[in-house]
Amino acid sequence: MKSRKKIYEGKAKILYKGPEPNTLIQYFKDDATAFNNKKKAQIPGKGVLNNFISELLMTRLKDINIPNHFVKRINMREQLIRKLEIIPIEIVVRNIATGSLVKRLGIKEGKVLSRPIIEFYLKNDKLDDPIISEEHIIAFEWALPNELEEIISLSYRINDFLTGYFFSLNIRLVDFKLEYGRLWKNDEVSIILADEISPDNCRLWDLKTNKKLDKDRFRQDLGEVDKAYKEVAYRLGVLSESEFKKVIKSDL
Ligand code: TMP
């Protein structure tokens, strides 16, 4: 690989300096982590699949005017993105009760919620990403009130769109996590969707069987993690089985 300046390395991705000052290159690793890095493994090919899946979903969101950082896919594992000032909050949108919601509040697993729920978590690994309220976000100035309003409105629109999109592929969008950043143009700031949208940060259940097609297969040791990610990629039409096999052979 060409030598490049590494800007940041996260659990699943690396950010390199981009070709222009306001850009970065986002590299998708095969590393999987859960429970704040306590559980770790490599899922061969995951990075390639997430790169393609996120490219497709970010492009579709751009088509409906949801501003996001994706510019273009560069190769099998990398995409060019716009450099943003990341807002240190994780936004979780839930349609069906599972995961930490069920544990924290004792809600019945699998309950279809009467309306989507948005939750906020502080992006802070040392504190284990604690859940926070809108009051915390405003009081500690992690986002301004108008920025938070925009984040909530965009998150509902993204949920509505992605729910329908996945539904058409016989997949239930159970919940997912989003991140946003600020883009400065002269003195004006806009809120832009960042990060990735993939089976790493979405819960996706097969509509008929409720089979898990996402990172819960890794978190819960359900096996066939790579197969589930491939299934999502095939249903989305981003990578055929033969194309994927070719990629992985040349990659390893
Ligand atoms: P949770 O039920 O564990 O709170 O997860 C809610 C959603 O957020 C689920 O789709 C997985 C995703 N998520 C992440 O992307 N990163 C994280 O660190 C956590 C805890 C959840």
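This structure is a prediction, so every number in the text was calculated from the model and none was measured. When a residue number appears, it is its place in the shown sequence, counting from 1. Just so you know, ligand 1 is whichever comes first in the structure, and atom 1 is the first atom listed for that ligand.
In terms of protein heavy atoms, atom 3 (O) of ligand 1 is closest to Arg203 NH2, 3.5 Å. Of the protein's non-hydrogen atoms, Glu90 OE1, 4.1 Å is the one closest to atom 17 (C) of ligand 1.
Between the side chains of Ser100 and Arg94, at least one donor N or O lies within less than 3.5 Å of an accepting N or O.
A salt bridge links Arg235 with Glu231; the closest basic N to acidic carboxylate O contact falls under 4.0 Å. Salt bridge annotation for Arg182-Glu150: absent, with no cationic side-chain nitrogen under 4.0 angstrom from a carboxylate oxygen. The pair Lys211-Asp206 fails the salt-bridge criterion, with no side-chain N (NZ, NE, NH1 or NH2) lying under 4.0 Å from an Asp/Glu carboxylate O.
The side chain of Arg219, and not its backbone, has at least one atom closer than 4.0 Å to an atom of ligand 1 (non-hydrogen atoms only; side chain from C-beta on). Contacts between Lys215 and ligand 1, counted as non-hydrogen atom pairs separated by less than 4.0 Å, are absent for every part of the residue. Here Val92 has side-chain heavy atoms under 4.0 Å from ligand 1, and that is the only part of it that gets that close.
Of all atoms in ligand 1, listed by their number and element, those nearer than 4.0 Å to a heavy atom of Phe176 are 10 (O).
Contact analysis leaves Glu119 out of contact with ligand 1, as no non-hydrogen atom separation drops below 4.0 angstrom.
Residues Ile107 and Ile118 do not share a hydrophobic cluster, clusters being chains of Ile/Leu/Val/Met/Phe/Trp/Tyr side chains in contact below 4.5 Å.
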